[in-house]
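Read the structure below first, then the notes.
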Amino acid sequence: MTDFILAHIHKSSKKGEKLLAILLDPDKTTISEIPSISKRIENLKANFIFVGGSFVEKGITDIFVQKLKEFTNISIVLFPGDYSQVTNNADALLFLSLLSGRNPEYLIEQQIKAVPFLKNSSLEIIPTGYILIDGGTNSSVLKVSKTTAIPQNNIDLAVATAVAGMYKGKQLIYLEAGSGAKFPVNSGLISAVKKNINIPLIVGGGIRTKEQLNNAYKSGADVVVIGTAFENNINLSI
Ligand code: 1GP
């Protein structure tokens, strides 16, 4: 097991260099699109490709990541909706705990189920506190996890949740407004969380424009994740 990706994020965070991840959902992208998609991701100078989704069929992620590897050298980080999406073909795995929810399935059960897949694995495993913030839609993560999101104005709860995650040993905090969110996580919330943790911060959900991207960066996001805007707009320039 190596720690290249987390080390990369830490180093960039210290230097104030902002990182971009493009999220690909194997349920929404076909294998035949991978060559052109890889080129588009390289043109955007993304640092990472996150791969995952809420409803991905078993075995698909494995083939999907293998194919991506043929067309790009960008690091591939698994962002799995469930344990069956774990594949050794990627570079790293966000080992997520859904800290904003109270459903044991996503706090510990899925993690236990993932262990047999991780035996002898060379994946870099990154303990990540995953926190859902209300993005104005009933997102897939909310539906699947049967949890509720933290309201955008409950900054104290979002901060306390992130700090608890850090004390529990998480190496990254991920603030998620949900894929296709109407509005991304607000700047006040991002900056309050950032001020209270000393681990890197990922922000995603509903980011569609350069302005929203820069806003998240300025507020304290070290890594921003863009999925829907990339999927829907082949001319996306950010
Ligand atoms: C990753 O869910 C996000 O955190 C991606 O959200 O699809 O809205 O960009 P979008």
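Treat the numbers as computed from the prediction; the structure is a model and nothing was measured. Start at 1 with the first residue, then count along the sequence.
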Atom pair CD1/CD of I125 and Q171 - distance to nearest 0.5 Å: 12.5 Å

message: Evaluate V224 against I207 for side-chain contact (heavy atoms from CB on, under 4.5 Å), listing each step before the verdict.
response: CA-CA 8 Å; V224 168; I207 296 176; 3.6 Å; yes

- request: Using modelled atom types only, decide if a donor and an acceptor are shared between the side chain of R40 and the backbone of F230 within a distance under 3.5 Å.
  value: yes

field: Minimum heavy-atom distance between L44 and S237, given as atom pair plus value
entry: CD2-CA, 4.3 Å

task: Spell out, as yes or no, whether a donor-acceptor pair under 3.5 Å connects the side chain of D222 to the backbone of P200.
output: no

Minimum-distance pair of heavy atoms, taken over all atoms of I5 and E124: N-OE1, 2.7 Å

message: Checking side-chain polar atoms at under 3.5 Å, does T30 have a donor or acceptor matched by the opposite partner on E33?
response: yes

- request: Please report the C-alpha distance between S13 and K194 in whole Å, then the side-chain angles of each, then the deciding distance to 0.1 Å, and finally whether the side-chain contact (heavy atoms from CB on, under 4.5 Å) criterion is met.
  value: CA-CA 11 Å; S13 171; K194 181 64 182 176; 3.9 Å; yes

- request: May I ask you to decide whether D91 forms a salt bridge with K69, counting only side-chain N to carboxylate O separations under 4.0 Å?
  value: yes

message: I'd like to know if the side chain of S100 and the backbone of L132 have a donor-acceptor N/O pair within less than 3.5 Å.
response: yes

query: Between the side chains of T72 and E42, is a donor N or O closer than 3.5 angstrom to an acceptor N or O?
result: yes

query: Ignoring hydrogens and geometry, is there a side-chain-to-backbone donor-acceptor pair from Q212 to T209 under 3.5 Å?
result: yes

task: Using a cut-off of 6.0 Å, state whether more than 12 heavy atoms not belonging to I112 lie near its atom CD1.
output: yes

field: Set of salt bridge (charged side-chain N to carboxylate O under 4.0 Å, His left out) partners for E211, sequence neighbours left out
entry: none

message: I'd like to know if the side chain of S121 reaches the main chain of L123, judged simply by a donor and an acceptor atom lying under 3.5 Å from each other, with no hydrogens or angles considered.
response: yes

statement: Between the OH atom in Y217 and the CG atom in L201, the distance rounded to the nearest 0.5 Å is 12.0 Å

- request: Give the C-alpha distance, both sets of side-chain angles, the deciding distance and a yes or no for side-chain contact (heavy atoms from CB on, under 4.5 Å) between L94 and L78.
  value: CA-CA 6 Å; L94 296 184; L78 297 174; over 6 Å; no

- prompt: Ignoring hydrogens and geometry, is there a side-chain-to-backbone donor-acceptor pair from E109 to L107 under 3.5 Å?
  reply: no

task: Compute whether any side-chain donor of one residue and acceptor of the other, for T137 and S139, lie under 3.5 angstrom apart.
output: no

Side chains of residues 52-61: which donor-acceptor pairs under 3.5 Å do they make with residues two or more places apart or in other chains?
none

message: With side-chain hydrogen bond (donor to acceptor under 3.5 Å, both in side chains) as the rule and sequence neighbours excluded, what pairs involving residues 225-236 come up?
response: S179-T228

Side-chain (N47) to main-chain (L20) donor-acceptor, under 3.5 angstrom: yes

query: Quick one: side-chain hydrogen bond (donor to acceptor under 3.5 Å, both in side chains) pairs with a partner in residues 150-166, sequence neighbours left out?
result: Q152-N186

message: For V159, run the side chain to side chain contact (heavy atoms under 4.5 Å, CB included) check against L189, I150, N196, I197 and tell me which one passes.
response: N196

Any residue meeting ring-ring contact (aromatic ring centres under 6.0 Å, His included) with Y130, in chain and number order, not counting sequence neighbours: F79, Y174

field: Atom pair CD1 (I126) and CG (L172), whose distance is rounded to the nearest 0.5 Å
entry: 5.5 Å

- prompt: Take atom CG in N43; do more than 12 heavy atoms of anything else shown fall under 6.0 Å from it?
  reply: yes

query: Is a donor on one side and an acceptor on the other found under 3.5 Å between the side chain of Q110 and the backbone of Y106?
result: no

- prompt: Ion pair present between K113 and D82, side-chain N to carboxylate O less than 4.0 angstrom?
  reply: no

field: Partners passing side-chain hydrogen bond (donor to acceptor under 3.5 Å, both in side chains) against K18 (at least two apart in sequence or in another chain)
entry: none

- prompt: Considering the options I76, D62, L93, which one meets the side chain to side chain contact (heavy atoms under 4.5 Å, CB included) requirement together with T87?
  reply: D62

message: Rounded to the nearest 0.5 Å, what separates atom CZ in F183 from atom CZ in R208?
response: 11.0 Å

query: Quick one: CG on L236 to CD1 on I22, what's the gap to the nearest 0.5 Å?
result: 6.5 Å

task: Sort out for me which residue in V193, D134, I190 forms a side chain to side chain contact (heavy atoms under 4.5 Å, CB included) with V185.
output: I190

message: Which heavy atom of Q66 sits nearest to which heavy atom of N89, and what is that distance?
response: OE1-ND2, 3.4 Å

message: Within the 4.5 Å heavy-atom criterion, are I226 and I238 side-chain neighbours or not?
response: yes

field: pair I133-E176: side-chain heavy atoms closer than 4.5 Å
entry: no

